[in-house]
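Here the structure is a predicted model, which is why all the values come from computation and not from measurement.
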Amino acid sequence: MVVAALAQFDRLVKRALPAALSLLVVALSVVPVPIPEYAVLAPNFALMSVFYWTVHRPDLFPAWGVFLIGLFADALSGGLVGLNAFVLLLVQATIMAQHKVFRGKAFWLVWLAFVIVAFGAQLLAAVLGFAFRGGLPGWPIWLSQFALTIALYPALAALLGRMQRLFLGGS
């Protein structure tokens, strides 16, 4: 009885790991950093995490989890409520449609795909932000945020990969 309950709890924790780590990454992304204008230039950690988990463990990353992560990112950033949720759901759907392409590929190919997806996601977010708020971010700021996002993806992917191997096994 106890063994079965512990096994069920273990499965539940493992299923929640990608979403929990994504929420943690998003929360840590708004921690004040003593870098001038960091809040404006902060990389899109939510996008990085959603991309990683959708590529590597889509079975543990349902759309409702992506939606909640997007809403959480919107709430913490003070942005348009639902904008990140919408963009992240589109990112997840795009990756899921091409999921077989990513399986077993070299990291540099996955990173190149991330660059393409991140460009489209951030451009879509900027255009939708303009449509609903009436102001585009300055292009130097937008490009800086995009560059930081793609530059930091390998580090976050390595960290998430380590967590995946540690808690979810080699799968």
Side-chain angles (χ1 to χ4, degrees), residues 18-19 21-31 33 35-58 61-161 164:
L21 285 175
S22 295
L23 288 171
L24 179 63
V25 165
V26 171
L28 290 175
S29 72
V30 297
V31 170
V33 176
I35 298 173
E37 300 299 325
Y38 176 78
V40 176
L41 300 175
N44 194 336
F45 287 107
L47 176 64
M48 289 186 251
S49 188
V50 166
F51 184 89
Y52 177 85
W53 288 113
T54 304
V55 166
H56 296 283
R57 288 306 301 262
F61 211 53
W64 61 265
V66 173
F67 181 76
L68 290 176
I69 290 161
L71 286 180
F72 186 60
D74 288 333
L76 291 180
S77 70
L80 286 171
V81 176
L83 178 63
N84 270 319
F86 177 71
V87 171
L88 292 176
L89 283 170
L90 284 177
V91 165
Q92 185 189 40
T94 301
I95 297 165
M96 293 297 285
Q98 299 297 318
H99 190 260
K100 290 180 182 176
V101 173
F102 296 112
R103 289 305 243 178
K105 297 298 188 257
F107 176 77
W108 71 270
L109 284 172
V110 175
W111 190 15
L112 178 62
F114 174 74
V115 170
I116 294 166
V117 168
F119 182 81
Q122 293 203 203
L123 185 62
L124 177 62
V127 168
L128 289 175
F130 172 74
F132 290 106
R133 262 190 276 175
L136 280 173
W139 289 110
I141 292 171
W142 187 88
L143 286 173
S144 297
Q145 184 185 37
F146 173 68
L148 279 172
T149 299
I150 60 172
L152 291 177
Y153 177 76
L156 184 64
L159 178 65
L160 293 176
Q164 178 182 349

How long is the gap from [atom1] on [X] to [atom2] on [Y], to the nearest 0.5 Å?
X: T94; Y: L89; atom1: OG1; atom2: CG; value: 10.5 Å
X: K105; Y: K100; atom1: NZ; atom2: NZ; value: 12.0 Å
X: L24; Y: F72; atom1: CG; atom2: CZ; value: 9.0 Å
X: S29; Y: L156; atom1: OG; atom2: CG; value: 10.5 Å
X: L76; Y: L28; atom1: CG; atom2: CG; value: 10.5 Å
X: I150; Y: Q145; atom1: CD1; atom2: CD; value: 12.0 Å

*Pair F146-V115, side-chain contact (heavy atoms from CB on, under 4.5 Å): steps then yes or no*: CA-CA 9 Å; F146 173 68; V115 170; 4.1 Å; yes
Do you know which two heavy atoms are closest between [X] and [Y], and how far apart they sit?
X: A121; Y: V91; result: CB-CG2, 3.7 Å
X: I69; Y: A46; result: CG2-CB, 4.4 Å
X: F61; Y: P18; result: CD1-CB, 3.6 Å
X: P43; Y: L152; result: CG-CD1, 3.5 Å

Side chain to side chain donor-acceptor pair (under 3.5 Å) filter on S22, not counting sequence neighbours, yields S49
Residues passing the side chain to side chain donor-acceptor pair (under 3.5 Å) test with N84, sequence neighbours excluded, are D74
Should we count CZ of F107 as having more than 12 external heavy atoms under 6.0 Å?
-> yes
- prompt: Can you check side-chain contact (heavy atoms from CB on, under 4.5 Å) on L21 and W53, steps first, answer last?
  reply: CA-CA 10 Å; L21 285 175; W53 288 113; 3.8 Å; yes
Sorted by chain and residue number, the side chain to side chain contact (heavy atoms under 4.5 Å, CB included) partners of V101 (sequence neighbours excluded) come out as Q98
Which residues pass the ring-ring contact (aromatic ring centres under 6.0 Å, His included) test with [X], not counting sequence neighbours?
X: F67; result: none
X: F114; result: F51, Y153
X: F86; result: none

Does the side-chain contact (heavy atoms from CB on, under 4.5 Å) test come out yes or no for L124 and L90, once each step is laid out?
-> CA-CA 10 Å; L124 177 62; L90 284 177; 3.5 Å; yes
Could you tell me whether a side-chain N or O of T54 sits under 3.5 Å from a main-chain N or O of Q92, the two making a donor and an acceptor? no
- Could you tell me whether the side chain of Y52 reaches within less than 4.5 Å of the side chain of V25, counting heavy atoms only? no
### Query
Side chains of L47 and Q122: does their closest heavy-atom pair fall under 4.5 Å?
yes
